[in-house]
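Below is one structure, written out as structure tokens; comments come after it.
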Amino acid sequence: MSVAPSPALPQQTAAEQVRSVLARALSLSLTLGGQTYDLLGAHTVGARGRITLHPPADTPLTDHLALAPADALDARIDLTDIAPTALRDRVRARVTLTGRLAPATPGSLRLDLARVVLRTGTGTHEVAPGAYTLAAPDPLALEEAALLTHLADAHADLVSELVDRAGSRLPHGVVRALPLAMDRHAVSLRCEYGEGHCDLRLLFPGEARDAAEAGDMVRRLLTAPRCAHHH
């Protein structure tokens, strides 16, 4: 007698996660020839994920670029995705993109992508450059931080109710729970214990296309059938 496999839970693809990290990133680290430069507000991301760097003038980076041979601009870009709420272990993901820098508009450089790697709590995921290019950020990516901080600051009682609804699916002894992440499919809470933590993902009754729908979906979780999983 065969048993049908359980349907996959809806979630972002690795490519969508990378694009979402890039969409909300204000800073990144650029490594060239063994030297690493931290750039704040010095990059843009195009519609298909094309990264363009705008190096500030009169900095060690511009000096490096001026002296570098045209055929020696292999580059690595690193980004760290940090939860906006004050929970334990705030790093949610790390993204590494490697390729070659080429001139774009005057004073700017584009990254011709060769490899994309996503590292999360579930492991390391290689993302094909083609999949990265075709993916889009989650529709909540830019508003996620405001949604999560509002949920933590103004609706702590709602967060507690959501944790209570998880019931036996959580180990006993939760000391504190805070919003960890939100995408169009679900909201995730970090449940902290005296030692360690676990993450609770609560699936929305439907997909949220914007912040208003996300707020409605969170409220509907209080009356929706229990549909949660944790890791």
Side-chain angles (χ1 to χ4, degrees), residues 11-85 89-146 148 180-184 188:
Q11 58 186 338
Q12 296 182 84
T13 67
E16 288 174 332
Q17 288 184 62
V18 171
R19 291 295 304 275
S20 296
V21 170
L22 278 167
R24 55 180 170 253
L26 299 177
S27 64
L28 56 79
S29 293
L30 171 68
T31 301
L32 290 171
Q35 297 290 321
T36 298
Y37 305 91
D38 293 322
L39 302 181
L40 176 62
H43 76 280
T44 54
V45 182
R48 293 175 66 83
R50 166 72 50 89
I51 299 174
T52 303
L53 304 178
H54 311 279
D58 302 322
T59 63
L61 173 57
T62 52
D63 293 341
H64 185 139
L65 293 170
L67 296 173
D71 60 350
L73 285 177
D74 290 334
R76 187 183 83 229
I77 289 176
D78 292 290
L79 304 99
T80 303
D81 185 46
I82 298 176
T85 50
D89 190 10
R90 293 177 65 187
V91 175
R92 303 186 298 187
R94 298 183 190 275
V95 172
T96 299
L97 306 103
T98 54
R100 295 180 64 82
L101 292 181
T105 56
S108 299
L109 297 164
R110 72 172 189 269
L111 180 70
D112 291 336
L113 195 60
R115 188 180 183 212
V116 182
V117 177
L118 170 70
R119 297 176 179 85
T120 69
T122 62
T124 299
H125 313 272
E126 188 100 16
V127 178
Y132 164 86
T133 300
L134 293 175
D138 187 86
L140 303 183
L142 294 180
E143 298 175 291
E144 184 203 27
L148 294 178
L180 168 68
M182 189 182 297
D183 58 46
R184 67 189 184 277
S188 296

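For clarity, every value in this text was computed on a predicted model and none was experimentally measured.
When all heavy atoms of A135 and R19 are compared, the pair lying nearest together is O-NH1, 2.5 Å. The shortest non-hydrogen separation linking T62 to P56 is CG2-O, 2.7 Å. The two residues T85 and L148 have their closest heavy-atom pair at CG2-O, 3.9 Å. Taking both residues in full, the closest heavy atoms of A114 and P129 are given as O-CG, 3.5 Å, listed atom of the first, atom of the second, then distance. Shown here for T120 and H125, the closest heavy-atom pair between the two residues is OG1-NE2, 3.6 Å.
Side-chain contact between R115 and E126 is present, with heavy atoms from C-beta onward closer than 4.5 Å. T36 places a side-chain heavy atom less than 4.5 Å from the side chain of T31. Counting heavy atoms from C-beta on, the side chains of L101 and L111 come closer than 4.5 Å. A 4.5 Å side-chain heavy-atom check between V95 and L28 finds every atom pair outside the cut-off. A 4.5 Å side-chain heavy-atom check between V127 and Q17 finds every atom pair outside the cut-off. The shortest side-chain heavy-atom distance between L61 and L53 does not fall under the 4.5 Å cut-off.
Using a cutoff of 4.0 Å between basic side-chain nitrogens and carboxylate oxygens, D112 and R100 are not scored as salt-bridged.
Screening R90, R24, R94 for a salt bridge (Lys or Arg N to Asp or Glu O under 4.0 Å) with D81, the sole residue that qualifies is R24.
Every pair passing side-chain hydrogen bond (donor to acceptor under 3.5 Å, both in side chains) that includes a residue from residues 129-143 is listed here, sequence neighbours excluded: D138-R184.
With values rounded to the nearest 0.5 angstrom, T80 atom OG1 is found 10.5 Å from R119 atom CZ. Distance check, rounded to the nearest 0.5 Å: CD1 of I51 to CG of L97 gives 4.5 Å. Rounded to the nearest 0.5 angstrom, L118 CG and T96 OG1 are separated by 9.5 Å. Once rounded to the nearest 0.5 Å, the distance linking CG of L39 with CG of L79 reads 10.0 Å. Once rounded to the nearest 0.5 Å, the distance linking CG of D74 with OG1 of T98 reads 9.0 Å. A distance of 7.5 Å separates CG of L65 from CG of L30, quoted to the nearest 0.5 Å.
One side chain, Q12 or S20, offers a donor N or O that lies under 3.5 Å from an acceptor on the other.
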**Message:** Determine whether D183 and L140 satisfy the following criterion, side-chain contact (heavy atoms from CB on, under 4.5 Å), listing intermediate values before the conclusion.
**Reply:** CA-CA 6 Å; D183 58 46; L140 303 183; 5.5 Å; no
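At least one donor-acceptor pair closer than 3.5 Å links the side chain of R92 to the backbone N or O of L180. The main-chain N or O of S108 is never found under 3.5 Å from a side-chain atom of T105 such that the two would form a donor-acceptor pair.
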